[in-house]
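None of these values were measured; they are calculated from a predicted model.
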Amino acid sequence: MILTAVPLPIKFNGGLNTITSPMNIENFESPNCKNVHTNLTGTLMRRNGYDDISTASTGSIFNGLFDYWKNPDTHYLISYIDRYLYKMDVGSDGILDGTLDSITFGSQATNYVMEFEQFSDAGTNYLIKATHNRDVLQKYDGTTCTNVSADADLPRPKYIKQWKGYLFCANIASYESRVYYNNASGSIIDATDWVATDYHDILTNDGDFVTALAVLKGRLYTFKRHSIHRWTYVGGDVLFSVKAAVSNVGTISSKSVVNLTHPKYGDVLVFLAPDARFYMFDGSAIIPISTKIETENGVSEFNLNKLNRDYLTGACAADYQAKHWYVCAVPTGATNDWAVVWDYYTDSWWPFDMDIFAMGIVQSGGKRNLYFGNTDGKVYRFDYTNNDNASNIASLYDTKKFTHDNVPILKSQHYLDLQLKNVPASTISVYEKSDWATSWGTAQSVTCDGGGFVLGTSKLGDLLGGAEGITKS
């Protein structure tokens with residue numbers, strides 16, 4: 001019998017799949033990968049790293065990060081580290097200057113997660129700040145930080161959101177399902193702007209409580225752990241109508257709720273639920289999006305079944321539009337130690353082992369970059385360098401387990417030919433295992449640069465690959 005080699009072209013745009021056995025996943029999926037991703041053409045790439053851009057701060061634990069726009073020409077990167085608030089200016093060149101300038105509170109906040117929102121009152125665009133310890137609401141105008149109002153009825157919430165000229169304040173001490181709002185649209189700082197009876201209780205008779213506020217397609221939504229409720233502005237004596245939009249699904253973390261534009265569903269909200277699963281909400285329907293990475297397959301370093309559900313409230317996320325990624329930091333222990341990426345263009349998931357306690361999208365140099373902080377009081381710029389603040393990035397990608405099915409003779413005649421891209425001053429270590437071996441063979445180091453292409457002369461020169469390749473049989 002004469003056997004003919006059959007090439008098996010593989011793209012890598014399927015991402016991690018742990019719900020299906022490593023032998024039965026698609027050719028373009030991986031049963032175990034980390035710190036890699038693909039582009040829209042299916043090319044496998046190691047993720048870029050991050051670098052420290054900031055001066056030293058007094059605190060260490062990041063509790064919040066936000067891009068505050070005082071006006072269309074002036075904005076600051078705001079960091080809340082331990083219980084200290086900082087701003088980072090943007091220089092005349094449009095680039096963040098790296099200096100953390102301290103901001104003094106009107107009333108000292110405590111060392112808890114901070115929520116940020118912007119609100120325009122009498123021509124001034126304020127940054128409004130609330131903490132998960134329900135500290136006094138603070139406002140910042142780019143110069144001075146003071147209490148939002150001297151009004152005795154000013155609520156002390158965990159969560160805040162601006163909508164229709166109202167500042168909604170949710171989850172008050174002793175009233176965790178209550179949402180307050182200011183008395184008149186567009187005004188929150190005067191001593192008569194808040195009335196004790198201006199509120200709505202989101203009652204579900206199940207002991208649940210409000211966990212987030214979000215705006216989608218012109219509507220306000222209140223999240224609980226196991227339900228979502230839609231607000232409609234009606235005007236008149238009864239300003240708002242509130243009705244249940246979704247039952248049985250909600251969010252566990254306000255910081256995981258992110259607005260993004262999906263290529264199929266349009267404007268949506270993506271969030272992490274108490275069951276350690278991710279969902280998408282388009283205003284009417286709930287769409288599960290993380291099914292492929294929710295179970296244990298015995299080989300993957302990461303899957304959602306490994307998350308510590310006791311600490312999911314600390315998860316935080318952002319829409320990194322430059323790469324159409326929903327990035328969410330999640331805990332397998334007591335703190336966030338992985339950033340799981342959903343590429344919402346290719347519907348694929350990619351885990352990165354990174355410690356992120358707070359993150360945000362901030363404009364610098366004309367680009368909207370992802371910045372984050374963890375436990376050392378520094379601001380990091382992500383997706384910028386080829387290392388993690390001078391530390392190497394350990395990346396890996398396992399293919400599916402290929403089988404030759406009903407052609408027994410091929411089981412002893414398998415053959416692998418691997419060509420690598422020409423990358424100057426670079427080497428790569430390649431491991432292989434066969435016949436369901438549980439451990440990898442000896443590493444083979446391959447030089448990725450050098451003159452010539454291993455398959456012969458090409459009009460494209462060395463662009464196709466380097467001078468070395470790997471053949472296994």
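- Exactly one residue among Asp206, Thr204, Asp208 makes a side chain to side chain donor-acceptor pair (under 3.5 Å) with Lys224. That residue is Thr204.
- In summary, of the residues considered (Phe66, Trp69, Tyr68), a ring-ring contact (aromatic ring centres under 6.0 Å, His included) with His75 occurs for Trp69 alone.
- Two residues are said to be in side-chain contact when any heavy atoms from C-beta on lie closer than 4.5 Å; Ile293 and Asn17 fail this criterion.
- Of the options Phe382, Tyr384, Phe372, a ring-ring contact (aromatic ring centres under 6.0 Å, His included) to Tyr50 is made by Phe372 and by none of the others.
- Annotation: Phe105, atom CZ; neighbour count of heavy atoms from other residues, nucleotides and ligands within 6.0 Å is above 12.
- Rounded to the nearest 0.5 angstrom, Leu100 CG and Thr58 OG1 are separated by 9.5 Å.
- Within the 4.5 Å cutoff, no side-chain heavy atoms of Met45 are placed close to those of Thr38.
- The side-chain heavy atoms of Ile53 and Tyr380, taken from C-beta on, include no pair separated by under 4.5 Å.
- Considering only residues two or more places apart in sequence or on other chains, Asn259 meets the side-chain contact (heavy atoms from CB on, under 4.5 Å) condition with Leu216, Leu269.
- For Glu115, there are no salt bridge (Lys or Arg N to Asp or Glu O under 4.0 Å) partners at least two apart in sequence or on another chain.
- Residue pairs satisfying the side-chain hydrogen bond (donor to acceptor under 3.5 Å, both in side chains) criterion with at least one member in residues 305-315, sequence neighbours excluded, are listed as follows: Glu296-Lys306.
- Looking only at side-chain heavy atoms (C-beta outward), Phe62 and Val379 come within less than 4.5 Å of each other.
- Note: Ile19 CD1 to Asn297 CG = 10.5 Å, rounded to the nearest 0.5 Å.
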